[in-house]
Amino acid sequence: MSEAIEKVKCLIIGSGPAGYTAAIYAARANMSPVLYQGMQPGGQLTTTNEVENFPGYPEGITGPDMMVELQKQAERFEADVRTGFIDKVDFSGDVHKVWVEGGKEIHCDTVIISTGASAKYLGLESEQHYLKIGGGVSACAVCDGFFYRGHETIIVGAGDSACEEAHYLSKLCKKVTMLVRKDTFRASKIMAERVIATENIEIMFNTETVEVLGDGQGVTGAKVKNNKTGEITDIAATGFFVAIGHKPNTDIFKDYIDLDDTGYIKYAQPGTSLTNVAGVFVSGDAADKRYRQAITAAGTGCMAALDAERYLAAKGH
Ligand code: NDP
């Protein structure tokens, strides 16, 4: 027998700073929000070490601790925080329908999307193997760089993230080899120059990864190819970092919500959290490829809750 359909005034999808901030505001406005935490409770910040740029924490705070605090703050106002993820939606009608892991159906007056973004990987079998077993592949130097103190590491990418992470690693590691697939950086000049000026970072241009090398348990290096000369080289390293951008977690919305050509949700009205569907709002990295900060995510979470509250008030709820 199928479960009864639950009715919810405000459903929040995702549990990063955007989702929890939306939950705090919605709960304090008596909207009885229900928040589904998603695949990665706490979001991307849980893979971050120290957060030093969130106002109000003069000594800094770890990403996981900050997320625990945000959850507590939301629950203090009786936001209903649940584990589980939403894997299907139907926003075609007046009532917005969502499904929790293919089963339980929820009908929502308003939905706040705060599903964030995920790091991209190269997709090589060898990379995925060592990523899955925690054997030396990572997309977050700040989270995992510590484990490679004094070692040699590799980082792939040429954007601002790759430069920032390469520089971060250079302070911990004996040597960092940066693999850039073109003959130029995509990063801003200042970030690229900082990397170029760092003695223990070797930059290999026109270079692509053929295979992440390892002994089955852990990374031992990478086989790389110069895409101009065809030359193949093996580089020794115990850590293989990937910094090639992020993908917004918006696939389940694509039939209903307007996305840009890279999958980010488009705001229906700039300066608001409105999407093209009335009653569905967006906050955080799912709609932000420019700032991608905890504080901007929190700010847009607040906006989404306020917009949802106004939407409900206009409908006489
Ligand atoms: P970007 O999309 O800017 O850069 C991605 C990089 O990865 C590009 O150099 C791209 O190469 C490379 N890449 C993509 N796919 C592959 C692949 N399969 N193999 C090898 N290389 C690949 O992402 P970022 O995460 O660096 O930055 C995203 C946004 O965040 C940007 O707007 C950036 O400015 C901003 N940012 C700002 C920071 C700051 O100011 N402190 C810090 C970090 C990010 P190619 O150039 O060849 O396409």
Side-chain angles (χ1 to χ4, degrees), residues 16-18 43-45 47-54 63 116-128 130-131 137-145 153-171 176-198 201-213 221-228 232-233 235 237 239-250 259-265 284-297 300:
Q44 291 179 86
L45 272 188
T47 59
T48 301
N49 203 356
E50 197 75 6
V51 181
E52 294 183 323
N53 54 9
F54 200 97
S118 303
K120 285 186 192 165
Y121 291 91
L122 299 175
L124 297 169
E125 208 179 298
S126 50
E127 170 206 56
Q128 292 303 305
Y130 291 107
L131 174 67
V137 171
S138 167
C140 180
V142 178
C143 323
D144 300 324
T153 53
I154 293 169
I155 185 157
V156 183
D160 282 332
S161 298
C163 289
E164 201 168 69
E165 302 214 340
H167 191 252
Y168 181 87
L169 288 172
S170 74
K171 291 186 275 175
V176 180
T177 304
M178 191 167 187
L179 306 180
V180 175
R181 67 178 173 181
K182 291 187 186 146
D183 58 3
T184 51
F185 281 100
R186 183 188 292 196
S188 53
K189 197 158 176 271
I190 186 165
M191 304 282 272
E193 277 173 357
R194 191 164 67 167
V195 163
I196 293 164
T198 304
I201 300 180
E202 181 186 348
I203 303 157
M204 295 177 74
F205 288 103
N206 298 117
T207 302
E208 293 174 34
T209 311
V210 177
E211 190 187 343
V212 176
L213 302 173
K223 188 180 284 304
V224 303
K225 182 179 177 181
N226 184 305
N227 55 30
K228 281 261 161 77
I232 303 265
T233 317
I235 304 167
F240 184 85
F241 289 85
V242 186
I244 60 170
H246 289 78
K247 181 185 181 302
N249 300 318
T250 56
L259 309 178
D260 74 8
D261 53 7
T262 49
Y264 285 87
I265 293 177
D285 287 8
D288 175 16
K289 58 178 159 189
R290 186 181 174 93
Y291 300 105
R292 304 193 300 119
Q293 299 300 302
I295 187 67
T296 48
T300 54

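Order of appearance sets the numbers: ligands from 1, and atoms from 1 within every ligand. Positions are given from 1, in the same order as the sequence printed here.
- A donor-acceptor contact shorter than 3.5 Å is absent between the side chain of Ser138 and the backbone of Phe241.
- In terms of modelled atom types and a separation under 3.5 Å, the side chain of Thr207 and the main chain of Phe205 share a donor-acceptor contact.
- Between the side chain of Asp288 and the main chain of Ala297, no donor-acceptor pair closer than 3.5 Å is present.
- Summarising the contacts of atom 33 (C) of ligand 1 with Val156, Asp160, Leu124, Leu122, the nearest heavy atom is found in Asp160.
- Considering backbone and side-chain atoms together, Arg181 places an N or O closer than 3.5 Å to an N or O of ligand 1.
- Protein heavy atom closest to atom 22 (C) of ligand 1, with residue, atom name and distance, is Ile244 CG2, 3.4 Å.
- For atom 41 (N) of ligand 1, the nearest non-hydrogen atom of the protein is Glu164 OE2, 2.9 Å.
- Taking atom 23 (O) of ligand 1 as the reference point, the nearest protein heavy-atom neighbour is Gly245 CA, 3.7 Å.
- Among all non-hydrogen protein atoms, the one lying nearest atom 29 (C) of ligand 1 is Arg292 NH2, 3.8 Å.
- Of the listed residues (Lys289, Lys120, Arg292), just one forms a side chain to side chain donor-acceptor pair (under 3.5 Å) with His246, and that residue is Arg292.
- In terms of heavy-atom proximity, Ala187 sits nearest to Cys163 at CB-SG, 3.6 Å.
- Taking all atoms of both residues into account, the shortest heavy-atom contact from Ala158 to Ala162 is N-CB, 3.7 Å.
- The shortest N/O to N/O separation between Arg186 and ligand 1 falls below 3.5 Å.
- For atom 32 (O) of ligand 1, the closest heavy atom belonging to the protein is Lys289 O, 4.2 Å.
- If you check which protein heavy atom lies closest to atom 27 (O) of ligand 1, you get Ser161 OG, 3.7 Å.
- A distance-only check finds no donor-acceptor pair linking the side chain of Ser170 to the backbone of Ile201 [under 3.5 Å].
- If you number the atoms of ligand 1 from 1 as listed, the ones under 4.0 Å from a heavy atom of Ala158 come out as 6 (C), 9 (O).
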